[in-house]
Amino acid sequence: REEAVRYWELVWSADPDHENVRELLAQEYLATGMEAYAGGGLRQAVASWEQALRVDPTDPRARGYLERAHQQLSRMEKIVGSR
């Protein structure tokens, strides 16, 4: 997966309008975020979904995932802070 992301980043940086590159790169970041999230890496997931939004600021999935992740992080911080 990391290799695919590097490849699409190179293509996107050279030609952001290249056929499907924006969609493919955003999909890779979304998938990477989901894998991190499933493995308990909430902060890593957030970083990946933020990258997806960097590539495609209109992606509703990335926005939704980020919103929920930020809510979870906020709840976690409140729990830790109340101890």
Side-chain angles (χ1 to χ4, degrees):
R1 183 155 308 248
E2 288 178 29
E3 189 175 326
V5 169
R6 280 193 301 268
Y7 172 76
W8 292 123
E9 278 285 350
L10 285 171
V11 173
W12 186 61
S13 66
D15 182 7
D17 296 321
H18 187 276
E19 181 181 351
N20 297 328
V21 71
R22 185 177 309 273
E23 177 184 332
L24 293 167
L25 183 56
Q27 285 177 2
E28 288 298 325
Y29 280 125
L30 286 170
T32 300
M34 292 304 290
E35 286 176 7
Y37 182 82
L42 187 55
R43 293 189 194 286
Q44 295 90 343
V46 166
S48 291
W49 295 330
E50 286 173 345
Q51 290 287 44
L53 280 180
R54 177 182 61 88
V55 173
D56 183 0
T58 65
D59 190 303
R61 295 167 300 174
R63 287 193 183 280
Y65 295 157
L66 271 173
E67 183 178 324
R68 284 187 295 266
H70 284 296
Q71 289 171 356
Q72 281 186 287
L73 285 171
S74 178
R75 284 192 301 266
M76 287 170 44
E77 290 170 1
K78 286 178 185 175
I79 291 169
V80 171
S82 67
R83 292 184 179 183

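- Nearest heavy atoms, A26 versus A52: O-CB, 4.0 Å.
- Applying the side-chain hydrogen bond (donor to acceptor under 3.5 Å, both in side chains) test to residues at least two apart or on different chains, the pairs with a partner in residues 40-52 are Q51-R54.
- Here the shortest heavy-atom pairing between V21 and P16 reads CG1-O, 3.7 Å.
- By the salt bridge (Lys or Arg N to Asp or Glu O under 4.0 Å) test, E67 pairs with no residue at all, sequence neighbours left out.
- Shortest non-hydrogen contact noted between V5 and L25 is O-CD1, 3.9 Å.
- Taking OG1 from T58 and CZ from R22, the interatomic distance works out to 8.5 Å, rounded to the nearest 0.5 Å.
- Among residues two or more places apart in sequence or in another chain, the salt bridge (Lys or Arg N to Asp or Glu O under 4.0 Å) test is passed with D56 by none.
- Under the 4.5 Å side-chain heavy-atom criterion for grouping Ile, Leu, Val, Met, Phe, Trp and Tyr, L24 is not connected to L30 through any hydrophobic cluster.
- Within 6.0 Å of NE2 in H70 there are more than 12 heavy atoms belonging to other residues, nucleotides or ligands.
- M34 and L66 fall within the same hydrophobic cluster, defined by Ile, Leu, Val, Met, Phe, Trp and Tyr side-chain heavy atoms under 4.5 Å apart, directly or through other members.
- In this structure, S13 has no side-chain hydrogen bond (donor to acceptor under 3.5 Å, both in side chains) partners at least two apart in sequence or on a different chain.
- For Y37, the side-chain hydrogen bond (donor to acceptor under 3.5 Å, both in side chains) partners two or more places apart in sequence, or in a different chain, are Q72.
- Note that CG of L53 and CZ of R61 are 10.5 Å apart. Values are rounded to the nearest 0.5 Å.
- Linking ILVMFWY residues whenever their side-chain heavy atoms come closer than 4.5 Å, directly or via other members, places Y7 and Y29 in the same cluster.
- Under a hydrophobic clustering in which Ile, Leu, Val, Met, Phe, Trp and Tyr are joined whenever their side-chain heavy atoms come within less than 4.5 Å, directly or via other members, L73 and Y65 fall into the same cluster.
- Here R63 pairs with nothing under the salt bridge (Lys or Arg N to Asp or Glu O under 4.0 Å) rule; sequence neighbours left out.
- Side chain of D59 to backbone of A62: a donor-acceptor contact under 3.5 angstrom is found.
- In this structure, the separation between CZ on R68 and CG on L42 is 12.0 Å, given to the nearest 0.5 Å.
- Other residues, nucleotides and ligands contribute over 12 non-hydrogen atoms within 6.0 Å of the CD atom of Q71.
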